[in-house]
Amino acid sequence: MTASMDQPHIQVEDDRTGLSIETLRRAMADNLFYIQGKWPEVATRNDFYMALAYTVRDRMLQRWLNSQRNYLRPEVRIVAYLSAEFLLGPHLGNNLINLGIEDEVRQAVEESGLNLQHLIAQEEEPGLGNGGLGRLAACYMDSLATLEIPAIGYGIRYEFGIFDQQIRDGWQVEVTDKWLQHGNPWEIARPEASVNVGFGGRTEGYTDSDGRYRMRWIPHQVIKGIPYDTAILGYRVNTANTLRLWTAEAVESFNFQAFNVGDYYGAVNQKVTSENISKVLYPNDEQAQGKQLRLEQQYFFVSCALQDMIRIHLTAGRTLDTFQEKFTVQLNDTHPSIGVAELMRLLVDEHNIDWVTAWEITQQTFAYTNHTLLPEALEKWPLDLFGRLLPRHLEIILEINQRFLDKIRVQYFNDPGKLSRMSLIDEQGPRYVRMANLACVGGHAINGVAALHSDLLKQTVLKDFHELWPDKIRNVTNGVTPRRWMVLSNPSLALLISDKIGTHWIRHLEELRQLENYLDDRGFQDAWRHVKQERKANLTRLIQERCGVTLNPNSLFDVQVKRLHEYKRQHLNVLHIITLYDRLRQNPNLEIAPRTFIFGGKAAPGYVMAKLIIKLINSVATVINNDPAVQDRLKVVFLPDYNVTNSQRVYPAADLSEQISTAGLEASGTGNMKFSMNGALTIGTLDGANVEIREEVGAENFFLFGLTAKEVIELKTRGYNPWDYHNQNPELQEVFNLIRSGFFSGGDPGLFEPLIANLLQSDPYLLLADYQAYIDCQATVDQAYRNPDHWTRMSILNVARIGKFSSDRSIREYCQQIWHTSPVHVELKEYVQAQA
Ligand code: 7GP
């Protein structure tokens, strides 16, 4: 112990912030005793994890509180990222890296007789998202902080996040995700910043004290939103932004009126139903959920967020006419788009601002990101449901709509079709509120998430809006954070790279280009292959543990991990596997590079076809893995419960990345970027960000196949008949026959019939049209893999040229094109001084 007794205030600070190994060790021991209330002898691994997590959090607080203080400076502009999902993944390892104290902490942990990897593995990840959209929000929070942009992420603190997936008898089984059950050391509750949110009831007109006739909302029910804050620390900077997630609670824990008449149950019941709002994340990916509770969730967190922003703005000493200067609000898809109506209501009804001014503020405040073209994901709410839950918002939306349509009616007076398509209300049958139209009209910018996707938006779903406002739709191609997806998940690769080019690339990913200088360096190539082998051995251990299947780490690891969805075409991958298997059965001497097919991903619980595809993968796996004839040449595994934690072991181990969606349907993809960053080569269609990845890494380092988006549309317009492809392809027929014979289903020919029938009768995602091209492309992959030197060069080039896909680049583009914000450096003001 070094702290001296004559400097008592430094002593306190030192225990909480000191970075010497001795201080860290002592801080952990203190936290174990004083927070967990345990002696080391009886402490569980979770107790030790908690003690360490608090030790690390303490070391973030200086940065965090000083960053928060900046929010209140009147001239500081803040990005508010509104998202129903934040798929963060575990914090501990990431915070150690961003703080730069990994080595010290590892030593301190070891000196305490523990293992850092074990403690990191103890963390239950906050799975507060479904897939791409939620994970993107998490990468963006990392980059915002790293680029020192003041930002707040607003969302819901779901008590149960995305379900845990188990596989039983080959089928997906959903288990509730109790991520909070052992406590969450990263969050701080801020009940003093709670706000109230109304629901239901009615509106009424009244005359205010100035004699003006106005409307007000008298809700039937009021629910309290309590914020829980988590620090999101940037990489090696002082900025630690806030992720503020809201929990719903009853305003009064008991309804005393009911309680007094003896209705104890009824009194408590109100509390129970209020808390339902933040109970569980809807597990649907790209499928709008028409449930009232979902709309309640959306309105709940958006209202909490906007009230919070207004409070911050007023506390900063500013008036509401400049709200749009203080805050720029990004809508992560349409889930938070009710914010447009809510901000209008807050400004006009609650803060007495005239409609026209309020509308200008609102439009300048919001911008909207679209994440999918799939029609089933377009959110629209039945008008009557909407009006019952949010009567005042419906009035406001109708007013916005009337003013909007009045304007464009002049422009398109002879085009009623146009008016009805752009209206905020769908009136073709039963009436609906269209949330995408609200987001388009209520903001100043709209963006897609990859170049192709943004172009398709302009040509299809947002065509009318694009014609009306030709500059409003932009593109910001997605990106992912190299801190989590390289430095944290692939430390040996990061080390190898830094050894050659220094560490600057971690914040400036374009600098990976320098790796091209080592392309022909034998030593570097060998080291590169060695890293990949080591990561494959690591994944092999995980799969042995979770699936009981032993993999051959020398085989080609061919990986498809993502949500299960027909448009992502996991079943096309399966058709290839069966084709290969069948060829090997016909010709046992066939020479192929040994392959291991690895799948992972969750299906929405109600998505029958997606669940059947999981069953198919597992059934094919069982047959192939138990067939001695193909041992060591083919293996198939489905890794259960694909999540952020597991994925960090998957990307680094992949040789081949499967990005095989029907062209035009994957908005961007972000897994494609993570694979490439870790040296996997891609087999893919010209879809989403694949197009740009291929442009960057070079066509010769990318396995391209399949119809283009344009060809897909043309084929569908001509009239697509899957039978045409089936009838002329004997090998494909053989594959179908094998499945239909019950070969993979214990002799039950009916099991996969719905899937087969769907492919033969309609095949909406054109698997049959792309089948042969895919099989041929896989043959070139096989050839390429058998030339290790060439493969390694391609792998190095993929990493060297992937710089564009850092989320830092995406965030810079949002800052320049959409948010008009710039970095604010955070000065560390020591709390000892601050208190003086
Ligand atoms: C996904 C897209 O499918 C994916 O291509 C993209 O990379 C990701 O967003 C991030 O932009 N969409 C969703 O996850 C989703 O739920 C429906 O979209 C709103």
Side-chain angles (χ1 to χ4, degrees), residues 81-87 127-141 143 155 162 281-290 294 297-298 330-337 368-380 434-436 439 446-454 456-457 461 474-481 485 561-570 601-604 607 610 644 647 657-676 684-693 709 765 805 807 810-811 813-814:
Y81 200 84
L82 263 57
S83 181
E85 306 188 5
F86 286 92
L87 187 45
L128 308 185
N130 275 284
L133 168 147
R135 183 53 233 177
L136 187 78
C139 283
Y140 283 1
M141 290 304 293
S143 284
I162 187 67
L281 166 75
Y282 278 102
N284 308 316
D285 187 65
E286 312 199 40
Q287 167 79 261
Q289 174 69 59
R294 171 73 173 181
Q297 291 185 334
Q298 295 180 351
Q330 194 65 28
L331 303 171
N332 201 20
D333 216 277
T334 57
H335 315 145
S337 60
Y368 154 55
T369 306
N370 173 288
H371 292 271
T372 182
L373 295 163
L374 296 190
E376 61 267 35
L378 268 192
E379 290 194 295
K380 47 180 198 170
R434 293 166 164 159
M435 302 312 272
I446 303 164
N447 76 284
V449 290
L452 173 66
H453 171 235
S454 299
L456 291 171
L457 275 178
V461 277
R474 331 266 167 87
N475 174 249
V476 182
T477 299
N478 283 169
V480 301
T481 169
W485 298 113
V561 285
K562 46 182 81 242
R563 287 296 291 247
L564 262 290
H565 208 297
E566 287 163 279
Y567 87 81
K568 296 178 189 279
R569 302 200 294 193
Q570 281 92 352
K602 294 173 185 176
Y607 191 169
V644 176
S647 78
S657 153
E658 297 271 353
Q659 307 301 336
I660 60 177
S661 51
T662 318
L665 295 183
E666 188 69 271
S668 162
T670 44
N672 46 5
M673 302 166 187
K674 297 166 196 168
F675 276 113
S676 212
T685 49
L686 277 182
D687 201 12
N690 295 355
V691 178
E692 291 159 76
I693 292 176
Y765 301 103
F805 303 97
S807 43
S810 314
I811 288 298
E813 289 180 10
Y814 277 101

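Small disclaimer: the values here were computed from a predicted structure and weren't measured. Sequence positions, counted from 1, serve as the residue numbers for this chain. Just so you know, ligand 1 is whichever comes first in the structure, and atom 1 is the first atom listed for that ligand.
The closest approach between a heavy atom of Tyr567 and any atom of ligand 1 is below 4.0 Å. The closest approach between any non-hydrogen atom of Gly669 and ligand 1 is below 4.0 Å.
Checking only distances, Asp333 never comes within under 3.5 Å of ligand 1, N or O to N or O. At a 3.5 angstrom cut-off on N or O pairs, Ala377 does not count as close to ligand 1. Residue Val449 has no nitrogen or oxygen atom sitting less than 3.5 Å from a nitrogen or oxygen atom of ligand 1, judged on distance alone. Between Glu286 and ligand 1, a contact under 3.5 Å exists for at least one N or O pair. For the pair Glu666 and ligand 1, the shortest N or O to N or O distance falls below 3.5 Å.
Between the side chains of Tyr607 and Asp285, no donor N or O sits under 3.5 Å from an acceptor N or O. Side chains of Asn332 and His371: a donor-acceptor N/O pair is present below 3.5 angstrom, by distance only. Glu286 and Tyr567 share a side-chain donor-acceptor pair at under 3.5 Å. Between the side chains of Gln659 and Glu666, not a single donor N or O lies within less than 3.5 Å of an accepting N or O.
Here Thr334 has no heavy atoms under 4.0 Å from ligand 1, in either its backbone or its side chain. Contacts between His335 and ligand 1 below 4.0 angstrom, taking non-hydrogen atoms only, involve the side chain exclusively.
No side-chain heavy atom of Tyr140 sits under 4.5 Å from any side-chain heavy atom of Ser83. The shortest side-chain heavy-atom distance between Asn672 and Phe805 does not fall under the 4.5 Å cut-off. Between Leu136 and Glu85 there is no side-chain heavy-atom pair separated by less than 4.5 Å.
Nearest residue to atom 13 (C) of ligand 1 from Thr372, Leu133, Asn130 is Leu133 (criterion: closest heavy atom).
Distances below 4.0 Å separate heavy atoms of Ala667 from the following atoms of ligand 1: 5 (O).
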